[in-house]
Protein chains: 2
Amino acid sequence: MKTLAPAQPLPKFLQISELLSRQIRAGHFRTGERLPTEAELAQSLDVAVGTLRKALDVLEKQQVIERIQGSGTYVRSGNTGKSIYEFFRLELHDGPGMPSAHILSVDKLERPQDVPTFGADAKPQSAWRVRRLRFLNQTPVALEEIWFDAKHTRQLKASQLGESMYLFYQQNFQLWISRVEDHIYAQDVPTWTVPEFGVKAKKTTGYIERLSWTANNELAEFSKTWFDAKLCRYSSRLSQ
Amino acid sequence: MKTLAPAQPLPKFLQISELLSRQIRAGHFRTGERLPTEAELAQSLDVAVGTLRKALDVLEKQQVIERIQGSGTYVRSGNTGKSIYEFFRLELHDGPGMPSAHILSVDKLERPQDVPTFGADAKPQSAWRVRRLRFLNQTPVALEEIWFDAKHTRQLKASQLGESMYLFYQQNFQLWISRVEDHIYAQDVPTWTVPEFGVKAKKTTGYIERLSWTANNELAEFSKTWFDAKLCRYSSRLSQ
DNA sequence: AGGAATTTGTGCGTATGTATC
DNA sequence: AGATACATACGCACAAATTCC
């Protein structure tokens with residue numbers, strides 16, 4: 001068993017590339033449109049030009065943008081870049097925002113009946129349950145409960161998880177989520193609240209159940225998300 | 001017709017990556033071996049660390065090396081990185097060296113009988129002939145005569161050609177040489193010499209005829225190379 | 001076990017070159 | 001020809017991971 005990577009906030013250049021990626025996918029910048037200049041972007045995002053250029057390098061390699069010397073940086077058509085937040089479909093009402101996460105708890109439990117079986121075997125399984133508070137631009141917008149097969153690791157602590165579960169799976173379990181299926185309902189937060197962040201059950205809560213598969217059609221993750229519909233909404237355009 | 005890109009010496013970070021690539025392919029660094037540290041490499045190659053890291057970025061993307069934070073930079077097995085000088089098989093007797101080129105002449109001529117036909121049609125063609133003096137580590141080691149179909153461009157001046165013909169083809173003709181066939185003989189330089197560089201016909205001259213194909217099996221280039229066997233040799237290991 | 005040294009990763013700022021408009 | 005914008009290059013500081021003692 002490979003040792004688990006410790007917690008790591010995303011490096012700034014990846015935060016920037018993800019933010020821009022989400023903004024592009026959300027339509028803030030349209031196909032063919034020229035982005036602000038590197039100097040402007042760097043200043044408005046409060047990073048050095050070199051850091052911004054590293055972020056643009058990522059997007060260029062993902063064929064999300066095209067850079068033309070002397071002219072500008074342009075949005076390419078058919079954006080299918082593999083972003084870490086490719087499947088994160090909550091957005092603020094005034095724009096996509098930048099996702100982040102705060103881990104509330106990590107527990108190994110017997111898989112409850114409402115959590116589907118992972119992989120092929122249908123027998124009872126133990127599974128990891130990770131509860132997180134999700135933010136968009138520092139605003140708490142959702143509560144999340146994530147389940148995945150306990151077979152992947154014997155130990156797991158909150159300190160080992162980073163900002164992105166999908167990135168964590170990739171780096172530690174060598175599995176990459178390539179397809180998800182969402183079911184959205186209206187439902188209150190059932191029992192748990194996070195007073196420290198001013199989060200509690202609200203009548204305006206939306207509820208998402210998600211099944212996440214790997215490329216070989218193995219169900220790798222099951223999650224429930226309760227989001228505050230006053231603050232954000234579910235938008236499928238973010239992962240077209 | 002797209003306008004031809006002007007001459008451009010290879011950017012320093014590409015020079016470095018090519019040099020290291022050649023050294024690795026030549027066996028100067030073996031599989032699994034750790035390269036000198038970034039600081040050492042940068043100092044010995046007389047570039048800034050940032051520039052060296054950009055070169056290593058290229059090799060890492062080509063899967064030629066693997067970098068492990070805190071440990072070092074290691075040569076990966078099965079090096080098949082697509083290097084600009086992937087098919088440049090001359091090396092100094094004491095190591096691969098870094099290739100460069102000096103253009104002697106550029107002419108559009110009727111294709112001579114000893115130059116094979118390009119593409120499918122067997123009729124007489126006009127073709128570009130580029131003569132170059134080739135260097136390894138600033139030492140003139142070979143004379144080169146390159147022929148390619150004149151259909152690709154109406155005009156061509158020496159100032160538009162850079163250090164690498166293959167890179168030039170790629171950037172201007174959208175064609176990439178993916179396969180070559182070499183025939184090597186012992187033969188004197190026939191008529192032309194370059195006194196300004198102290199190059200002249202020598203009894204020790206080796207002679208190479210090369211056919212270069214694209215991925216769709218179209219003959220794209222024919223070249224003759226006379227090299228000074230006292231200074232360098234032909235080595236197939238450089239492109240395994 | 002743990003701390004120091006080593007080595008790569010991230011980030012900043014600046015200067016200069018080169019292509020485009 | 002001048003202004004704009006991306007590309008290259010340099011150098012530095014600190015963080016994070018590894019290695020070694």
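Numbers restart at 1 for each chain; the letters A, B, ... are given by sequence-line order, proteins then strands. These values consider heavy atoms only, across backbone and side chains, with no hydrogens, waters or symmetry-generated copies.
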- Task: May I have the distance from B/L52 (atom CG) to D/dA9 (atom P), rounded to whole angstrom?
- Result: 12 Å

- Query: Atom CG of A/L59 to atom P of D/dC6: distance rounded to whole Å?
  - Reply: 14 Å

- Query: Charged N to carboxylate O below 4.0 Å: is that the case for A/R134 and A/D228?
  - Reply: no

- Message: Measure CZ/A/F13 against C1'/C/dG11 and give the value in whole Å, please.
- Response: 10 Å

- Message: With heavy-atom distances below 4.5 Å as the criterion, would you say the side chains of A/S100 and A/M98 are in contact?
- Response: no

- Rounded distance (Å) that lies between atom C1' of C/dA15 and atom NZ of B/K12: 14 Å

- Query: Does B/R67 have a side-chain nitrogen or oxygen under 4.0 Å from the phosphate oxygens OP1 or OP2 of C/dT7?
  - Reply: no

- Rounded to whole Å, the CD-C1' distance (A/E66 to D/dA5) equals 15 Å

- Thinking salt bridges, do B/E144 and B/R132 make one under a 4.0 Å N-O criterion? yes

- Task: Could you tell me whether A/I68 contacts a base, only the sugar-phosphate backbone, or nothing, with contacts defined as non-hydrogen atoms closer than 4.0 Å?
- Result: sugar-phosphate

- Query: Considering only side-chain heavy atoms of A/A48, which listed nucleotide, C/dT10, C/dC12, D/dA7, is closest?
  - Reply: C/dC12

- Message: Just the rounded figure in Å: distance from P of C/dT7 to CG of B/L56.
- Response: 14 Å

- Message: Expected output is a numbered-order residue list: members of residues 34-45 of chain B with a heavy atom under 4.0 Å from any atom of DNA chain C. What is it?
- Response: B/R34, B/T37, B/E38

- Hey, does the side chain of B/T73 come within less than 4.0 Å of C/dT8's phosphate (OP1/OP2), counting only N and O? yes

- Message: Looking at D/dA5, I'd like to know if its phosphate oxygens (OP1 or OP2) sit under 4.0 Å from a side-chain N or O belonging to A/S71.
- Response: no

- Distance, rounded to the nearest Å, where A/L10 contributes CG and D/dA15 contributes C1': 16 Å

- Query: What does B/G50 touch in the nucleic acid at a heavy-atom separation under 4.0 angstrom: a base, only the sugar-phosphate, or nothing?
  - Reply: nothing

- Query: Quick one: are B/P96 and B/H28 in side-chain contact, heavy atoms under 4.5 Å?
  - Reply: yes

- Is the A/F173 to A/F168 ring centre distance short of 6.0 Å? yes

- Under 4.0 Å between any heavy atoms, over every strand shown, what does A/V49 touch: base, sugar-phosphate, or nothing? Just pick one. nothing

- Message: Between B/P99 and B/L136, is there a side-chain heavy-atom distance shorter than 4.5 Å?
- Response: yes

- Message: Just the rounded figure in Å: distance from C1' of D/dC6 to CD1 of A/I65.
- Response: 11 Å

- Message: Going by the rule ring pair (Phe, Tyr, Trp, His ring centres under 6.0 Å), which residues pair with A/F222 if we only count those two or more places apart in sequence or in a different chain?
- Response: none

- Message: Tell me whether the side-chain N/O atoms of B/K54 come closer than 4.0 Å to OP1 or OP2 in D/dA7.
- Response: no

- C/dG9 phosphate, OP1 or OP2: any side-chain N/O from B/R53 under 4.0 angstrom? yes

